[in-house]
2 protein chains.
Amino acid sequence: MKNIAVWGFSWVPPFAQGLVRDLRVRWALEEAGLAYESRWIDADERNSEGYRRKHPFGVVPALDTDGETLIESGAIVHAIAEQCEVLMPQDLRTETLAWMFAALNTVEPPLWNLFVIDRLHGDEAWTRLRRPGAVDEAKARLAALSAWLEGREYLLGRFTAADILMATVLRFVRHTDLVAEFTPLDDYLKRCEARPALQAALRDQAAGYLRNTPVAA
Amino acid sequence: MKNIAVWGFSWVPPFAQGLVRDLRVRWALEEAGLAYESRWIDADERNSEGYRRKHPFGVVPALDTDGETLIESGAIVHAIAEQCEVLMPQDLRTETLAWMFAALNTVEPPLWNLFVIDRLHGDEAWTRLRRPGAVDEAKARLAALSAWLEGREYLLGRFTAADILMATVLRFVRHTDLVAEFTPLDDYLKRCEARPALQAALRDQAAGYLRNTPVAA
């Protein structure tokens with residue numbers, strides 16, 4: 001992979017900073033030691049015809065490399081991992097992909113649901129009625145994940161691309177104490193968040209937001 | 001892949017029949033021409049210690065093959081596709097995985113949300129307040145997908161594993177007219193649903209439910 005550029009939103013409100021999914025791609029690139037540039041689009045541009053030609057759904061991230069564009073954080077992280085033994089060891093390829101899908105298709109839905117309820121619709125009346133059930137659903141999934149993590153430093157023992165997706169998914173409920181209620185899970189997330197590659201990725205993303213902060217914000 | 005067994009729920013209520021995610025795996029196996037057996041667990045068993053050893057989250061599907069167990073419908077379909085040129089052509093490997101993630105991580109969330117609202121919580125007061133916004137979110141995603149499908153028979157031109165995931169995701173809103181509102185999308189789903197391999201997969205799944213219908217149901 002050469003001439004890599006990552007597309008992210010030029011600015012998002014503080015409650016969303018550090019959660020937008022280009023973080024996953026930046027983190028993977030940092031772990032792999034691959035240099036990259038950042039491209040920023042603002043919220044109005046995302047539905048422009050130009051950006052839709054790059055990304056059919058008008059969301060981020062997208063990755064440009066050697067004139068090709070790749071979409072979907074899961075697929076981009078996988079493409080990076082295919083070139084990096086650290087992110088996807090040869091003998092754990094199938095398991096790594098299984099846990100990547102587990103992060104995005106089994107753990108993310110109830111956690112994202114809670115993020116939507118609390119952070120995107122928190123002032124709407126329906127959320128008071130819906131929230132208790134949504135919390136129970138999130139807890140059930142987190143309990144299962146925490147049980148799996150007992151005695152494991154990372155999802156597959158050693159760090160892989162699956163941990164990048166799982167840790168960024170867990171961060172969607174950082175506004176709650178849900179992760180902290182499960183010690184193995186809490187330890188796991190802290191272990192992931194302490195990695196220098198994630199810290200570098202967060203700095204990259206934050207630098208863009210800082211440069212692009214709206215005057216009125 | 002040899003000695004293949006697919007795990008599904010032994011019975012689900014009619015509103016969920018034909019939607020449970022082992023359908024994806026059965027469909028992929030039928031497309032690939034691989035023989036398989038079915039294993040059924042009932043809803044009580046899913047949280048048993050025995051099944052949790054097979055699947056850490058206690059959900060379906062799981063796939064047994066040669067003594068190994070694989071979880072996550074996306075990962076299982078990918079593992080089958082890796083052995084089947086029809087499901088993942090060599091020159092479309094990266095794109096196929098990108099659209100598999102697009103199906104499960106970009107299109108599924110708003111459609112599944114609507115399924116949850118209408119089919120799992122339809123009698124609760126909060127859904128009347130939440131539903132209009134949820135419909136708008138689903139429509140926005142479907143409009144983008146429909147625009148992509150204009151002039152394409154399948155997501156990548158020819159049929160791939162990504163279509164298995166996308167079509168099964170679109171079926172989550174079969175209780176609405178949302179897909180029918182977009183002609184390219186409607187044509188696409190009908191094209192996918194007409195495939196003999198999906199019809200065979202639906203028959204497999206239905207045969208299990210029929211045998212296991214609760215006496216009181």
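Below, chain A is the first sequence line, B the second, and so on; all start at residue 1.
From A:E68, atom CD reaches atom OG1 of B:T94 across 9.0 Å, with rounding to the nearest 0.5 Å. With rounding to the nearest 0.5 angstrom, the CG atom of B:L97 is 5.5 Å from the NE2 atom of A:H78. Going from atom NE2 of B:H121 over to atom CZ of A:R130 covers 4.0 Å, rounded to the nearest 0.5 Å. With rounding to the nearest 0.5 angstrom, the CD1 atom of A:I71 is 5.0 Å from the CH2 atom of B:W99.
Residue with the most contacts toward chain A among B:T106, B:L70, B:V116, B:N113: B:T106 (heavy-atom pairs, distance under 4.5 Å).
Within the 4.5 angstrom heavy-atom criterion, atoms from both the backbone and the side chain of B:A102 approach chain A. Neither the backbone nor the side chain of B:P109 comes within contact range of chain A; no heavy atom of the residue lies under 4.5 Å from a heavy atom of that chain. Using a 4.5 Å cut-off between heavy atoms, B:R52 touches chain A through its side chain atoms alone. For chain A, the nearby parts of B:L104 are the backbone and the side chain; heavy atoms of each come within less than 4.5 Å. Looking at B:R21, only its side chain comes within 4.5 Å of chain A, counting heavy atoms on both sides. Both the backbone and the side chain of B:L145 come within less than 4.5 Å of a heavy atom of chain A. If you measure heavy-atom distances from A:A147 to chain B, you find no contacts under 4.5 Å at all. Heavy atoms closer than 4.5 Å to chain A are found in the side chain of B:S73, but not in its backbone.
In this structure, A:D136 places its CG atom where more than 12 heavy-atom neighbours from other residues, nucleotides or ligands lie under 6.0 Å away. Other residues, nucleotides and ligands place more than 12 heavy atoms under 6.0 Å from the CG atom of A:D66. Residue B:K54 qualifies as enclosed at atom NZ: its count of foreign heavy atoms under 6.0 Å is above 12.
Listed here is the closest heavy atom pair of B:A98 and A:A75: CA-CB, 3.4 Å. Scanning both residues, B:P56 and A:A144, for their nearest heavy atoms gives O-CB, 3.4 Å. What you find for A:F101 and B:E72 is that their closest heavy atoms are O-OE1, 3.4 Å.
For the pair B:F57/A:V107, a side-chain contact is recorded, criterion being any heavy-atom separation below 4.5 Å from C-beta on. Here the side chains of B:N105 and A:E108 are in contact, with some heavy-atom distance below 4.5 Å. At least one side-chain heavy atom of B:V59 sits less than 4.5 Å from a side-chain heavy atom of A:R141.
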Show me the donor-acceptor pairs, under 3.5 Å and distance only, between side chains in residues 151-161 of chain B and residues at least two apart or in other chains.
unit_1: B:R152; atom_1: NH1; unit_2: B:W148; atom_2: O; d: 2.6
unit_1: B:Y154; atom_1: OH; unit_2: B:R195; atom_2: NH1; d: 3.1
unit_1: B:T160; atom_1: OG1; unit_2: B:A162; atom_2: N; d: 3.1

